2 protein chains.
Amino acid sequence: MNLTLKDIAQAMGVSVTTVSKALKDYKDISPETKTRIRAYTEKVNFRPNAHASFLRTQKTRLIGLVLPRLKHDFFNEITESIICYAASHDYKVIVLCSEESYEKEKSQIKELLQLNVDGIFISVAKNTNDYTHLKQVIKNNTPLILFDRTVKLVPSLQVVNDDFEAGFMATEHLIKQGCKKIVHLRGDLIPQISIDRFFGYKKALEKHNIPFKKELVTICSENTFEEGYKGVFNLIKKFPDVDGLFAITDLVAIGAMGAFKELGYQIPKDVAIIGYSNWLISSLITPKLSTIEQNGNKMGKQVMQSFLDLQNTDGEMATSKYQRLIIPSRLIPRTSSMKTTELL
Amino acid sequence: MNLTLKDIAQAMGVSVTTVSKALKDYKDISPETKTRIRAYTEKVNFRPNAHASFLRTQKTRLIGLVLPRLKHDFFNEITESIICYAASHDYKVIVLCSEESYEKEKSQIKELLQLNVDGIFISVAKNTNDYTHLKQVIKNNTPLILFDRTVKLVPSLQVVNDDFEAGFMATEHLIKQGCKKIVHLRGDLIPQISIDRFFGYKKALEKHNIPFKKELVTICSENTFEEGYKGVFNLIKKFPDVDGLFAITDLVAIGAMGAFKELGYQIPKDVAIIGYSNWLISSLITPKLSTIEQNGNKMGKQVMQSFLDLQNTDGEMATSKYQRLIIPSRLIPRTSSMKTTELL
DNA sequence: GGCTTTTACGAAAAGGTTTTAGTTAAACTT
DNA sequence: AAGTTTAACTAAAACCTTTTCGTAAAAGCC
């Protein structure tokens, strides 16, 4: 159906080899022939078959991107960023969604390898705790980059937010606003991001000599509005005097905010709230939600850039090197946490 | 690097043909040989090379999805829906973002054809008004499905929301709430969706004998918070007595809401507001924004299902048939438009 | 037992590109 | 003029799978 090198060669009265070389600018083809052939291929809109090409070159210019979910501002942003940046370097991205399922993640990785993608970028599912599928990628010599939800045990490139710093900054910010009894709505126990943010929270308390109480920490495994909402209702029974809250993600914070409002608390006067991720919604609700920026755009670019750098290395062992690139966090103070009105 | 049929054949002491046939369950291979070979391929984790396979079968099980943007609740939802549904039918999706650029859209289509994807799903860029690239797809006999931002002039399958009905419902809802002077913040002039919603608006006014005034309609080409915000500030100078507003999309509506609040208008008492798309944020802001549901999930499934149906048809001419599938709209009344408190 | 049918497997071509290793003719040496 | 370079092009193999067409042996038939 599609035109092939053979067709072009026939039409031009030259060999297949010559056409191929002309298109790839080999120096043993005369300038006249080159322009003649190129003009023709341009005219008939010929582009060499990518799969046949792969068979020789072993390069697909395809990248596999595996995400736990797509309907999520941050993953969404990082996806757009990777796709656009990849496109500008002539790479295309196959996007897969593990739907937080380890099984799916595993089989998707396998399928990507079967497709011979040039690289795999992945943010792992929450309950992924077996990493043989990831090690398989490395064994296969396919560049692997973990991002955001990473696994420290896998010897590959990893691009992460500074989650510890984020937890620390958020909590210290609340402390500086005068909070003494700070609740943390944390994420699940397994993911590194959730652990790191929690440690940041703890560290900030410690630094400011506020005793850590594990009862003030609740797990929100789903990261939804409802979890934040329910989390507050449960906590408030035992601790009606909380005056600060740091949530694992903005949506949870907004749920918490809803609960506090319903319970008659004033925000930020009675309780200061800060989230994480800087979702679009956070700057549009009332009061505007303080948060920590999670720059998906920057991270996406970093992931893609790291991949490109790998391509320009000697190859071979360049893939399986453990390295952690950390994207700095940034505090975005807004109304929801500003007890002292000095800023903003 | 990867194992091939040849390797397996060698190890098993049979021919390449036999291995291939065994894996594809041909009936001229004995059951014993089949199980023996399968056990081995399972063990060594062999999967046939997808590209070599393509060369014979002309099937890639890849789908190209072209979107104007990704950071957008609706496109995001539809993407997730398509990707997941596709995965369950063993198709993988290459996602491309035209960034609202006709030029990029055009070259991306070309690249997808070069990759021999089994189908292309596209929602066109705002300023796309030349359709030769789309017709090229049809000429290439590649199934093409347009969705949401479609082009009526292209003879292909199209899946759309009932935008006319949506505009009508939204406007009529405002009228029923007692609004007499209803502003419409519409989208750009070219996209069909924007035209249809506008026509719906007009039709509702007409039905209820409210004269249409073109000064009450403003174009918001960017569909952002700012556009809605500015739109209201501009309008309000001339028409301080507007009592209703229908915006092309929720984010614009929220911008408008912000402006009205700042100007001291009470919502919905002074002015009733309704958006379109049911973004996540709309149910979380105060007051909750009334809107029209734009079910991305449903549309994604419909798009993919239509594609699968095409695959099961005789092929050939099945691709280039003009057909429009309409996903019904649904009114979601919330606080922002409820002047009469009968509902909710 | 001589015939046809069935069973189980293999050879080879096709699919389109890339690249190595030529080949020919012209141009250049001395 | 004989030999060497260079320029411009080509043949053919390789990449890996699928599928058509064969072939050989075993089984079935009267």
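All of these numbers come straight from a predicted model, not from anything done at the bench. Chain naming here is simple, since letters A, B, ... match the order of the sequence lines and numbering starts at 1 in each.
- Across every non-hydrogen atom of A:Leu144 and A:Val137, the tightest pair is CB-CG1, 3.8 Å.
- Annotation: side chain to side chain donor-acceptor pair (under 3.5 Å) contacts of B:Gln302 (sequence neighbours excluded): B:Ser306.
- Atoms CD1 (B:Ile29) and C1' (C:dT7) sit 10 Å apart, rounded to a whole Å.
- Here B:Thr17 does not reach the OP1 or OP2 of C:dC9: none of its side-chain N or O atoms lies under 4.0 Å away.
- Relative to the axis of its first five pairs, the axis of the last five pairs of the helix from C:dG1-D:dC30 to C:dT30-D:dA1 sits at 50°, rounded to 10 degrees.
- Look at NZ on A:Lys24: it is 11 Å from P on C:dT17, rounded to the nearest Å.
- Counting any heavy atom pair closer than 4.0 Å across all strands shown, A:Val14 reaches sugar-phosphate atoms only and no base atom.
- Between B:His89 and B:Tyr85, the two ring planes are perpendicular [angle over 60°; tilted spans 30° to 60°].
- A:Leu5 has its side chain out of reach of A:Pro48: every pair of non-hydrogen atoms, C-beta onward, lies at least 4.5 Å apart.
- A:Gln158 places none of its side-chain heavy atoms less than 4.5 Å from the side chain of A:Ile145.
- A:Ser30 comes within 4.0 angstrom of the backbone, heavy atoms only, and of no base.
- Between D:dT18 and B:Ser53, a contact under 4.0 Å exists linking OP1 or OP2 to a side-chain N or O.
- When the P atom of C:dG15 is taken as reference, atom CG of A:Asp7 falls 11 Å away, rounded to whole Å.
- The aromatic rings of B:His51 and A:Phe54 sit tilted relative to each other, their planes meeting at an angle between 30° and 60°.
- For B:Thr18, the side chain to side chain donor-acceptor pair (under 3.5 Å) criterion is met by B:Ser15, not counting sequence neighbours.
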Assess whether side chain to side chain donor-acceptor pair (under 3.5 Å) is satisfied between A:Ser98 and A:Gln108, documenting all intermediate values. CA-CA 8 Å; A:Ser98 66; A:Gln108 286 169 353; 5.2 Å; no
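- Look at OH on B:Tyr26: it is 15 Å from C1' on C:dA8, rounded to the nearest Å.
- Taking atom NE2 of A:His51 as the reference point, atom P of C:dA14 lies 21 Å away to the nearest angstrom.
- Separating the CD1 atom of B:Ile37 from the C1' atom of C:dA8 is a distance of 11 Å, rounded to the nearest angstrom.
- Summarising the geometry of B:Leu70 relative to B:Asn76, their closest heavy-atom pair is O-CB, 4.0 Å, with the distance given to 0.1 Å.
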Restricting to nitrogen or oxygen on both sides, can you table the protein-nucleotides 22-27 of chain D pairs closer than 3.5 Å?
none

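- The ring of B:Phe121 has its center closer than 6.0 angstrom to the ring center of B:Phe307.
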Nucleotides 24-27 of chain C: which of its N/O atoms have a protein N/O under 3.5 Å away?
none

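- Protein atom CZ of B:Arg36 is 8 Å distant from nucleotide atom P of C:dC9, rounded to whole Å.
- Closest approach of A:Arg38 and A:Leu23 over heavy atoms only: NH2-O, 4.1 Å.
- Of all heavy-atom pairs spanning B:Leu3 and B:Phe46, the tightest one is O-CE1, 3.5 Å.
- Nucleotides of DNA chain C nearest to B:Pro31 and A:Ala52 differ in position, and the one nearer the 5' end is that of B:Pro31.
- Look at A:Ser20 and you'll find a side-chain N or O under 4.0 angstrom from OP1 or OP2 of C:dT18.
- The environment of A:Lys301 atom NZ is sparse: at most 12 non-hydrogen atoms of other residues, nucleotides or ligands sit within 6.0 angstrom.
- Within a heavy-atom distance below 4.0 Å of DNA chain C, the residues of residues 54-64 of chain A found are A:Leu55, A:Arg56, A:Thr57.
- Residue B:Leu112 holds its CG atom at 11.5 Å from NE2 of B:His133, rounded to the nearest 0.5 Å.
- Spacing between atom CD of A:Glu32 and atom C1' of D:dA7 amounts to 11 Å, rounded to whole angstrom units.
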